[in-house]
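Here the structure comes first, spelled out in structure tokens, and everything after it is commentary.
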Amino acid sequence: MCFIENRENRPHPSPTWGSRTRVRAHCLQTRTMAASSEPLVFKRGKNVSSVVWKWFGFVSSDTEQTEPRCKVCLKAVATKSSSTTNLMQHLKQRHAAEWEKCCTLRRQQDGSTSAAAAAATTSQQQRPSILETFTSCTPHEKKSARWKAITDAVAMYIAKDMVPIYTVEKPGFIHLLKALDPRYVLPSRKHFSDVALPRLYNSTRERISAELEGMSFYSATTDLWSSRVMQPYLSLTVHYINDNWTLRSVCLQTVYFPDEHKGEIIAQGLKDSLSSWNLAEDRLTCMTTDSGTNMLKALRENGWPSLQCFGHRLNCAIENGVKDPRVDRAVGVCKRAVSAFSYSWLKRKGMAEIQTELGLPSHQLVTESPTRWGSRQKMIERFLEQERAIVRVLGADKKSRHLVPTWQDLQVLESINQAVKPLQDFTDALSGESYVSVSCIKPVLHLFKTSLLQPVEKDTELTATIKTKIMHYLDDKYSNAVQEELLDISSLMDPRFRTAYIDPDKVEQVKKRAVDELMSLPAPADKNTPQQPGPAKQVCEGEQRPPKKKMTLAAYFKLNAPVPSPNQSEADKIQTELTTYLLTPEVDPDTDPLDWWKRHQLNFPRLSTLAKKYLSVPATSAPSERLFSVGGGIVTCHRACLKPEVVDRLVFLAKNI
């Protein structure tokens, strides 16, 4: 007999813990499957800026959006209000990769937000007010300090950089000023030519005049020059040592000089130039010029001490030394070969290729300029350097093969270069304006005579002849007693040389000349003379007394030093200073003599006056030559119609501001 179990009527057993867990999981799975069938929508309303909502949403049936669900596992996550902490924890515990992405996006969002906030704050801070907006559109008043400052700066730019005045009408320059200051309105060209530049000239002239009033002695250089349109000018530059022991060089004028260039007329023109600046002739130490006969005659007419330009004399000595038919032929060959390269770009191109092939320096050939010292030697030196490339280029073209130099020509050029090359550096070294140069002439001549122009065994016959001729020319030109005395006393006042390069038979004579000249000058205040004690300074009540300094060993020597006798004559004081000066320790040749005198002025108050007088003399007339270079940069082909007074004003400003 079979019994059939009726499950429906059988009582259910009481549920256990495991069965309840399975029931909940089953219910959750059932709800998850039901939710998965509904699409998830994004959170609505506010507080949706957090990036975590990219991984959570709400079922469409959840109209109140109270139960967010994970888009990865579709699990509901309980949250409180709008907090996203539980959502982040869910991603961190269940979905590590998604949590890393969320953190990265969150950092990026925080950075961009802070940058945007900072930019907004900055824009608010920089946002101009209504008053500032209207003010920025208003041009500067012509009486305002800002407008005057910019206008003066433009005038200085025109004068210092020697640019044409019509630069102020160029659109690029106007655009530049508008970009720098939109409120500035540039004046017209006429304003700069009639107002701004003359005002700058007057103020600069007043400043220079005030400087010149304080100098005791001065030297000068002068020369004549013709502009591009053949207008003659006479330049004048003064040189002096100020109280700070700085060698100053000041261009006074480049005056229009249409008169005939005779010695008498030039002498009167120079007198007028000095008087226009209130410069006394008796304070003129020396005037350096070239060797022109009209210049020398002008200085003799005025009775002024003169010195011929060392660079000009050395150049004349070299030209006299190379007077030889062999030299004329070799130099002519060199000039024609250099000229062939100057007018042919194809030859220059071929020379550049051969220079690379032979490993020669990629230098261009140098052309001789009759008005530039040493240009012939530089042409010869560069020609010898590039000789292999020159021969190959000229030899490759049948039309220029006749320009190839022979071995005899090359030997002559090498002899010239060997004799002249060591001398060229001294011309440039003695042409400076900011350092002492006149005292170096005697040492340089001694170096020429004993070393550089002394024939040696390896010299060719032509080299030895050139050296001998150059030295004989210099000996003849510097045998003048007056100029030799000027050079001797200048060398004496240079602590680097003193009596080292003076003829031993003339040392006592030069020393006597220095003493006699100092006797004719006003005696300086003697700082070694003890002063009478003045009334004691009373200390007010409450005022602190300065702390008493401890006396050093040097102070004891100073306190007990012998006081000069008040009965000692001025000549004895000068002689004592000179003897002490000559016995001071030797000075390094690289020492600046002006720095030395600045440190020892108190020890030699009388000799320092003589040093200021003679060490200011320039050895060459290069300062005046440089004025002509400045004038050539002003009177160009585009500005050939400038009036002479305008040229004088612009050259003065370009050199002195």
Side-chain angles (χ1 to χ4, degrees), residues 115 118-208 211 227-229 231 233 235 249-254 433-434 623 626-657:
T121 304
T122 304
S123 63
Q124 289 180 357
Q125 293 176 352
Q126 295 179 352
R127 185 179 302 167
S129 63
I130 297 177
L131 179 60
E132 293 175 346
T133 303
F134 282 103
T135 304
S136 63
C137 301
T138 305
H140 291 297
E141 294 184 3
K142 292 188 176 181
K143 295 183 179 180
S144 64
R146 177 64 176 169
W147 188 88
K148 291 180 180 179
I150 299 178
T151 304
D152 292 343
V154 174
M156 181 171 289
Y157 161 70
I158 293 173
K160 189 65 177 177
D161 291 352
M162 299 181 294
V163 298
I165 300 179
Y166 60 75
T167 302
V168 300
E169 298 178 349
K170 296 292 186 179
F173 185 74
I174 296 174
H175 175 73
L176 172 64
L177 293 182
K178 282 294 181 184
L180 296 176
D181 192 340
R183 298 179 59 191
Y184 177 71
V185 179
L186 188 66
S188 64
R189 172 180 176 178
K190 186 175 179 61
H191 175 84
F192 285 99
S193 60
D194 296 346
V195 179
L197 288 174
R199 183 172 61 233
L200 180 61
Y201 172 78
N202 293 333
S203 62
T204 307
R205 185 183 175 94
E206 292 176 0
R207 176 177 58 83
I208 295 298
E211 288 185 26
S227 67
R228 181 180 293 270
V229 292
Q231 289 181 336
Y233 290 90
S235 71
S249 178
V250 179
C251 163
L252 295 188
Q253 59 186 32
T254 308
E433 300 180 45
S434 59
R626 294 188 181 98
L627 286 185
F628 302 150
S629 299
V630 174
I634 292 174
V635 187
T636 62
C637 57
H638 297 290
R639 308 170 71 189
C641 296
L642 287 176
K643 295 180 180 179
E645 58 269 19
V646 177
V647 175
D648 182 21
R649 182 192 308 155
L650 293 177
V651 172
F652 177 85
L653 289 175
K655 290 295 292 183
N656 294 323
I657 60 174

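Quick note: residue numbers are just sequence positions, from 1.
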How long is the straight-line distance from [atom2] of [Y] back to [atom1] of [X], given to the nearest 0.5 Å?
X: Gln231; Y: Leu642; atom1: CD; atom2: CG; value: 9.0 Å
X: Leu180; Y: Ile150; atom1: CG; atom2: CD1; value: 8.0 Å
X: Arg199; Y: Thr204; atom1: CZ; atom2: OG1; value: 11.5 Å
X: Gln253; Y: Arg649; atom1: CD; atom2: CZ; value: 14.0 Å
X: Leu186; Y: Phe192; atom1: CG; atom2: CZ; value: 5.0 Å
X: Glu645; Y: Tyr201; atom1: CD; atom2: OH; value: 11.0 Å

Subject >> Polar side-chain atom of Asp648 near backbone of Pro644 as donor-acceptor pair, under 3.5 Å >> reply: no
Closest approach of [X] and [Y], non-hydrogen atoms and distance?
X: Ser227; Y: Val635; value: CB-CG1, 4.2 Å
X: Leu177; Y: Tyr184; value: CD1-CE2, 4.0 Å
X: Phe652; Y: Leu252; value: CD1-O, 3.5 Å
X: Leu627; Y: Lys655; value: CD2-CG, 3.5 Å
X: Trp147; Y: Pro187; value: CZ2-CG, 3.4 Å
X: Val651; Y: Cys251; value: CG1-SG, 4.3 Å

Subject >> Steps toward side-chain contact (heavy atoms from CB on, under 4.5 Å) verdict (Val195, Thr151) >> reply: CA-CA 11 Å; Val195 179; Thr151 304; over 6 Å; no
Under a 4.5 Å cut-off applied to non-hydrogen side-chain atoms, are [X] and [Y] in contact?
X: Arg639; Y: Ile634; result: yes
X: Thr254; Y: Val630; result: no
X: His140; Y: Asp181; result: yes
X: Val168; Y: His191; result: no
X: Glu433; Y: Arg626; result: yes

**OP:** Describe, in one word, how the ring planes of Tyr157 and Phe173 are oriented to each other, choosing from parallel (under 30°), tilted (30 to 60°) and perpendicular (over 60°).
**Re:**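 Ring orientation of Tyr157 relative to Phe173: parallel.
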Original post:
What residue among Ile158, Leu653, Asp152 forms side chain to side chain contact (heavy atoms under 4.5 Å, CB included) with Leu200?
Top reply: Leu653
Over 12 non-hydrogen atoms of neighbours within 6.0 angstrom of [atom1] in [X]:
X: Glu169; atom1: CD; result: yes
X: Lys170; atom1: NZ; result: no
X: Lys142; atom1: NZ; result: no
X: Arg207; atom1: CZ; result: yes

